[in-house]
Amino acid sequence: MTVWRDVIGQDQPVATLQAAVADPARMTHAWLLTGPPGSGRSTAARAFAAALECPRGGCGECHECRTVLDRSHADVTVMATEGLSIQVKDARELAGLAQRRPSVGRWRVIIIEDADRLTERAADALLKALEEPVARTVWLLCAPSLEDVIITIRSRTRHVRLRTPPVEAVARLLTDRDGIDPRIAVDAARAAQSHVGLAKRLATDESARARRRKTLLLAGRIHGLGDAMSAAADLAAIAGEESTASSAERDAAEKERLMAQLGADPAARTQPPHVRSQLSAREKEQKTRATRFSRDVIDRSLVDLLSIYRDGLVVRAGSTVPLINADLADEVQRLADGRSSEQLLQAMDTIGTARERIEANVPPLLALEAMMIGLRAPSSGLG
Ligand SMILES: [Zn+2]
């Protein structure tokens, strides 16, 4: 096995990165990896980091490779944002770190997972560091697309573009790596539209499958205005359930750890002022994180919803392209029977608009309500 095993369906980008590992003339000190969600940007960045540290160029088995991949290598720093943006304070810290020689490894690698979330000031704080290479320091910035990254950063980095991996490649990884039954792996990979993490969750987590199903079934039951409003509320609630399920436990553990660090007594009725202020700062961060997470979850639900209309279009066109929601073929057929192709396209546009509005900070429920009203089934049959 090699460090590149999990970077699937990306032959050309991997070849570029491997060449840089092997040949100093093809190496550069700052890279920008872009690709749609689920294409494996941060996986690729980590694999590249491991290959750079590995004396054998990324064997996947040595101490260097393993410590980079399990995130414990001393010279590989990963900045993963949990808030809505990366602040100037964090950027300055990274810029300072970049000046230091690697302590044990061959390179100091700094990975910024969400370079699209750098604030203008944070980007400014990084510019100098990106402009003046330090001998053994490499920057790996990741973002969904070039356009998402502040232009001054873009121009100082070398761009590598990842694409959405094919369904079959994702399924093969789930089978080889996680031991998932091949048939289930293909269904999950298709349902997740090639998003590796999501596909794994759908293949292994019954409640994730149930939530997805509930979202998709919404499409067929929006007739009147009342249905639309309740479908919007349901979609928000399903997303809320998912966010809560994944953050409650983590928030509590973080709080406990913080209390221990501060030497505070968790059982005490009141905490001393310094503990209180630290706790309230942490709660604020957790709240920001929850907001971002729940927006991401809603967006993913909308991508799911989009997929059933897309399938409807495939059926209407009589195409042999596989359905994303093969498990809901009846539902897809009903949707296709009740709408013209134009109406299905319109529905997809309506969902696209809702995604844009939520991204632009419109309160999600508001955007969802407007969307569901737009998605009401046409009353007079085919138009
Ligand atoms: Zn190795």
Side-chain angles (χ1 to χ4, degrees), residues 1-35 38-80 94 97-115 129-130 133-143 157-163 165-166 168-180 185 194-197 199-200:
M1 99 144 220
T2 81
V3 289
W4 303 102
R5 182 195 64 185
D6 293 0
V7 187
I8 50 173
Q10 315 291 350
D11 297 348
Q12 216 183 339
V14 167
T16 305
L17 298 174
Q18 276 177 322
V21 172
D23 177 3
R26 299 169 85 168
M27 183 61 187
T28 182
H29 73 287
W31 299 77
L32 176 58
L33 309 181
T34 65
S39 57
R41 302 183 294 256
S42 44
T43 308
R46 251 180 267 275
F48 187 32
L52 286 168
E53 302 291 5
C54 172
R56 286 182 282 169
C59 67
E61 275 148 23
C62 71
H63 178 74
E64 306 291 327
C65 283
R66 275 184 291 121
T67 50
V68 173
L69 296 180
D70 74 15
R71 307 179 190 204
S72 61
H73 195 288
D75 295 320
V76 178
T77 304
V78 180
M79 162 103 210
L94 294 178
L97 186 64
Q99 298 300 318
R100 301 224 302 263
R101 292 180 57 79
S103 56
V104 293
R106 307 163 68 211
W107 295 90
R108 176 169 297 285
V109 185
I110 301 176
I111 301 175
I112 301 183
E113 283 194 348
D114 305 286
L130 292 174
V134 177
R136 311 301 302 171
T137 295
V138 192
W139 292 88
L140 307 180
L141 277 50
C142 308
T157 50
R158 179 150 156 218
H159 182 211
V160 171
R161 189 193 308 269
L162 308 181
R163 60 189 187 107
E168 296 70 29
V170 174
R172 208 174 316 121
L173 177 69
L174 294 185
T175 300
D176 294 351
R177 184 190 65 186
D178 305 318
I180 291 166
S194 287
H195 187 300
V196 176
K200 182 176 173 190

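For reference, positions follow the sequence shown, starting with 1. First listed ligand is number 1; within each ligand, the first listed atom is number 1.
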Is there an N/O/S atom in His63 that lies less than 2.8 Å from the Zn ion (ligand 1)? no

Taking the Zn ion (ligand 1) as the vertex, what is the angle from SG of Cys62 to SG of Cys65, given to 10 degrees? 110°

Heavy-atom distance under 4.5 Å between the side chains of Trp139 and Leu130, does that happen here? yes

Phe48 versus Ile111: any side-chain heavy-atom pair under 4.5 Å? no

Taking the side chain as every heavy atom from C-beta outward, state whether Ser39 and Gln10 have any pair of such atoms under 4.5 Å apart. yes

Between SG of Cys59 and SG of Cys54, what angle is found at the Zn ion (ligand 1), rounded to 10 degrees? 110°

Atom CZ of Arg136 with >12 non-hydrogen neighbours under 6.0 angstrom: yes

